[in-house]
Amino acid sequence: MKIIKETVIKLNFSNADLARDLFGEHNKNLIIISDYLKIEVQARGTDVIIKGDSITAELVKNILNQLYTLLKNSYPVYPPDIDYAIKILSQDNKADLKSIFLDTVYITSKKKAVTPKSKSQKQYIDAIRNYDIVFGIGPAGTGKTYLAMAMAVSALKKESVGKIILARPAVEAGESLGFLPGDLADKIDPYLRPLYDALYDMMGLEKASNLIQQGVIEVAPLAFMRGRTLSNAFIILDEAQNTTSEQMKMFLTRIGFNSRAVITGDITQIDLPAIKESGLIEAKNILCDISGIKMIFFSKKDVIRHKLVKQIIEAYETKQ
């Protein structure tokens, strides 16, 4: 039986203002750490006293010291950042929060910085910067589409591309639109709405709408890509698990000069008929050795939505 050694660690954070931000209002941040890791963490002035088993105490020390470094670099630490820090450093105590959290991808219309919140997200961002085709594969809530969108808007703003193209399979089981009421726009809008939502969050409704009207940003069903060559563009294919093999091949062979593509999907949520193989799964298996293509895999540990989303994913995995 392994004996766990109890220890007491005292930390001092000399800057009183930063210490206050680190601890949170009414020491809320310290309470989050204490409750999550089941260890005693108390504030006394600008000091923190950590009491508990030595391994967890060292983890808390690492978390607080790294968060304090972020504050010294003018990064505002909020309660969700405490959760991210705990998850990252629990998995890898040598991880550098500064290199992850200070990598600002884009500043949204609401003046909110879009930054990676996990090591996988950081790897994803770096892959998009360095590869022309990137696959982001993993469960819902891991930031696959949102971060890709931020990178696309950033590239457009820097004029490294001339347009953004956002595509989705319009209907999960093969894009059969005829049974839906209304004209074509009415039929496809529900399937493209999540892309519009992310775009409006990034740029604001008016600016995004103007760019869509000008054709600088195009949001369209995957079927609309057939026969085209997509050059000088940042292209995102979302919900790619619901593409067929033929659709995925069609999409990938549309990519022209000075273009980059990000393909996102969750291979645990395929809605195609059983007789159809997911184009994303096939691409994952046959394209993995091509040097110009990078595949980033996310897990439930990377979920950054409401904390219950992670528990829901775990519950369904247990059921299977």
Side-chain angles (χ1 to χ4, degrees), residues 1-105 107-108 110-122 125 141-143 299-314:
M1 182 177 177
K2 187 176 181 180
I3 299 175
I4 299 176
K5 184 180 179 181
E6 296 288 317
T7 190
V8 177
I9 296 177
K10 181 178 180 180
L11 302 176
N12 176 260
F13 301 99
S14 56
N15 186 311
D17 291 333
L18 295 184
R20 192 179 307 112
D21 292 338
L22 176 64
F23 301 165
E25 187 176 358
H26 304 302
N27 296 332
K28 183 177 180 179
N29 295 343
L30 299 183
I31 293 171
I32 291 172
I33 295 173
S34 178
D35 290 346
Y36 193 102
L37 296 174
K38 310 302 180 187
I39 191 171
E40 186 177 337
V41 185
Q42 295 181 339
R44 296 177 184 173
T46 58
D47 292 340
V48 171
I49 309 298
I50 307 165
K51 297 180 181 179
D53 73 84
S54 57
I55 295 175
T56 307
E58 286 294 331
L59 172 60
V60 174
K61 175 183 175 181
N62 190 14
I63 291 168
L64 291 174
N65 281 335
Q66 291 211 42
L67 290 174
Y68 188 65
T69 298
L70 288 173
L71 287 164
K72 288 195 292 186
N73 282 271
S74 302
Y75 180 92
V77 172
Y78 299 108
D81 295 311
I82 307 299
D83 292 329
Y84 304 144
I86 293 171
K87 288 195 290 186
I88 293 169
L89 294 174
S90 294
Q91 296 167 36
D92 180 4
N93 63 0
K94 295 182 180 180
D96 181 12
L97 296 184
K98 183 178 175 181
S99 69
I100 297 173
F101 287 6
L102 294 186
D103 186 354
T104 300
V105 177
I107 304 296
T108 71
K110 300 173 183 176
K111 306 301 181 184
K112 183 178 73 173
V114 180
T115 64
K117 299 298 184 183
S118 71
K119 289 185 68 176
S120 295
Q121 287 194 352
K122 172 62 175 171
I125 291 301
T142 51
S299 73
K300 62 189 177 187
K301 295 178 181 178
D302 299 302
V303 171
I304 58 169
R305 289 181 181 169
H306 193 287
K307 61 183 180 181
L308 286 176
V309 173
K310 179 182 175 182
Q311 296 176 36
I312 290 168
I313 292 170
E314 290 174 342

Would you compute the distance between atom NZ of K122 and atom CG of D302 and round it to the nearest 0.5 angstrom? 15.0 Å
After noting the C-alpha distance and the side-chain angles of L97 and I88, does the key distance pass the side-chain contact (heavy atoms from CB on, under 4.5 Å) rule? CA-CA 8 Å; L97 296 184; I88 293 169; 4.0 Å; yes
Carefully, step by step, assess L71 and L67 under the rule side-chain contact (heavy atoms from CB on, under 4.5 Å). CA-CA 6 Å; L71 287 164; L67 290 174; 5.6 Å; no
If the threshold is 4.0 Å, N to carboxylate O, is there a salt bridge linking K117 and D81? yes
Between F23 and K28, is there a cation-pi geometry (under 6.0 Å to ring centre, at most 45° from the normal)? no
Is the shortest heavy-atom distance from the side chain of N73 to the side chain of F101 under 4.5 Å? no
N/O donor-acceptor pair under 3.5 Å between E58 side chain and S54 backbone: no
Test side-chain contact (heavy atoms from CB on, under 4.5 Å) on I9 and V60 and set out the steps. CA-CA 10 Å; I9 296 177; V60 174; over 6 Å; no
Side chain Q121, main chain T142, donor-acceptor under 3.5 Å: yes
side-chain contact (heavy atoms from CB on, under 4.5 Å), that's the test. Do I86 and L59 meet it? Break it down for me. CA-CA 8 Å; I86 293 171; L59 172 60; 5.6 Å; no
Hey, does the side chain of N93 reach the backbone of N62 with a donor-acceptor pair shorter than 3.5 angstrom? no
Given 3.5 Å as the limit, does a donor-acceptor pair link the side chain of Q42 with the main chain of K51, or not? no
